[in-house]
Amino acid sequence: MVLEPRTEGGSEHRDRKVWLESCAKHYGSVVALAEVELAVEDGEFLTLLGPSGSGKTTLLNLIAGMVQPTSGRIWIDGADITRVPPSKRGIGMVFQNYALMPHMTVFENIAFPLRVRKMAEAEIRRKVGEVLDIVRLPDVGKRKPSELSGGQQQRIAIARCIVYNPSIILMDEPLGALDKKLREELQLELKQLHTQLGITVLYVTHDQEEALTMSDRIVLLNHGKIEQMGPPDELYFQPRTLFAAEFLGDSNIFDGTVAGLGEFVSVYSEPGASMMARPAPIAEIGKAVKVLVRPENLTLLRQCEESGLANRLSAEMVDSIILGGVIKCYVRLSDDTTVVVQELTKAERAPPPPGSKVSVAWSAEDTLILPAVGGMTEGGGTAAA
Amino acid sequence: MAQNVRESSVGGRPGAPLAAAVSAWVIYLFLIMPSLVVIPMSFGDKDEFMFPPESLSFYLYGQYFFESTWMATTLQSFEVAILTTFLSLLFGVTAAYGVVRGNFPGKRFVTLFLLSPILVPVIVVALGLYLYFSTLGLSGTTFGLVLGHTVHATPFVIVIAMAGLRHVDPNLEAAARLMGASHVLTLRKVTLPLLKPTLIAGSLFAFLISFDEVVIAYFVSNTTTETLPVKMYSAIQWEISPVLAAISTLLIVLSLVICVSGTALQKDDEKGE
């Protein structure tokens, strides 16, 4: 089959590695992916993040060619590959269960894509040796995959991808089956490989910490739609929706009504106090909003302590948990909502005992207002995995 | 939990496990006796059935190997069984692949349809084939016999192949495809090698089904194409030849060899992985 690359999509798509042009996937009446526009830039580490059923795996499978889009087109390196079979897309993929061939040795596994490409035997030996060095497993070529640990198997799977220089490597929760310590180790290693080799990676995970650690950009998906897209710090510090705020990091959220606009927005909130928040385009006087403040931005004050921070609520101490370097304090406000405060652990500053009267305070800069709808707990539309 | 059960049965009625074991052995011996009884009989030296034989000899085996047309019939049986094995493996594995990996409307119905020959009594299949083949002119031919046995054996191969395919991770095939391998190459380098134990089990099973089958063969074959079981059946009706005891013993040995080698091959394969 001869493939005519279609290049009519406009020059702005050409320098993009992958370009999903209004792609949607429906299964009968179920919308797995609503119409989505997504570009992956050359050399980028892009992460698709979202809860299960948010459409991230569907999106990955569309690019891999495992499923066909209901509508829209997919471009790789400036060519329309919407109808091109997976074997001709020049893509690499790392699976959660490694998907190494159990009947082949490690060497034969890595050589497989090269043999498919009819490469000369000497060249194959050299290349396989090279990538085994890159993943720091130079001596396992003769073993079967089942004789390796999970972490080693995944490194072999990664080697099998980078050996044939695919234009993009898709990774479907590749570290999901590993324990926490190994996962963190491999996260760093993957990130290093990405920088060192300049490969383009599209990474799927439901683990927000993993996404924040590794990505150049995060695409947050929910109910088959892109909720927000941007660098990790932008998603963390400037979530645009309640869902984004709740999914990435911990958050304290209050109901409120916008009461005044100015250098800071003032919001009248349920616990009977007025709060100052960072200005936002959605702020209109009288509008119901959600107020977000991260636990690490809150300061816990003894009853009469002064702080000079713009926002302050009185509360009652409920409990505290030491998590090593940080301590989490749970306090109850006058309207019974629980607020989490996260502070650095300090020996000379033990948390107040449960039941004691305290205050929580924070600055206006650390306070965000968000639209009142679209949180994690709300249904909104149908979605499938 | 399991320990409690054992303790109560041991403490409550001490004779119960013993009685169970004894009755199990009695039933087992009752079932296996007819097979075992032919073995000493096969070493008799007279042209009549004797149990126990008066003296031991290979007279009956000599009759089987060198007298009459028994050898030609045996070769015919092998030919039919081998051809049936190939055909039913070809049809069974491809059908199972389609049903397990495919995703199309009416999949359940197709599966049921493919397995339906198991649900129909063999005598019905045999009669149907007899009538159908006589209009086609296939009656009495080796080809007709092979087709009849393939109809009979394929559903069993499908069941075995479906179970085997469910154990082959579809991600392995997806990975091979993404690495650039065509459908055919993926099948050749990934799916079929991983299905090897299944293919061995399936072919042994198909071979034995065909080699052992008497009803369809009786209906479809004639005197020039009859298989070993058919000839044995005729022999017991018309001449009551004690050669049958020798043949039965050889069949027991053949079945044993096939089963044991099948198990051994599968064990080797597991070790190899």
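Sequence lines set the chain letters: A, B, ... in the order given, protein chains first and strands last, and positions in each chain run from 1.
No more than 12 heavy atoms of other residues, nucleotides or ligands lie within 6.0 Å of CZ in B/Phe205, so this atom counts as exposed by the packing criterion. More than 12 heavy atoms of other residues, nucleotides or ligands shown are found within 6.0 angstrom of NE2 on A/His26. Within 6.0 Å of CZ on A/Phe107 lie more than 12 heavy atoms contributed by other residues, nucleotides or ligands. Open room surrounds CZ on B/Phe109; 12 or fewer heavy atoms of other groups in view lie less than 6.0 Å from it.
The line from CE of A/Met104 to NZ of B/Lys189 is 7.0 Å long, rounded to the nearest 0.5 Å.
The heavy-atom pair separating B/Leu194 from A/Pro102 by the smallest distance is CD2-CG, 3.4 Å. In terms of heavy-atom proximity, B/Ala181 sits nearest to A/Ser87 at O-CB, 3.4 Å. In terms of heavy-atom proximity, A/Met101 sits nearest to B/Met179 at CE-CE, 4.1 Å.
For chain A, the nearby parts of B/Leu172 are the backbone and the side chain; heavy atoms of each come within less than 4.5 Å. Of the atoms belonging to A/Arg117, it is side-chain heavy atoms, and not backbone ones, that fall under 4.5 Å from chain B. Heavy atoms of A/Leu114 lying under 4.5 Å from chain B are absent altogether. Heavy atoms closer than 4.5 Å to chain A are found in the side chain of B/Asp169, but not in its backbone.
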Q: Given side chain to side chain contact (heavy atoms under 4.5 Å, CB included), test B/Asn171 with A/Met93 step by step and report yes or no.
A: CA-CA 10 Å; B/Asn171 273 351; A/Met93 183 146 169; over 6 Å; no
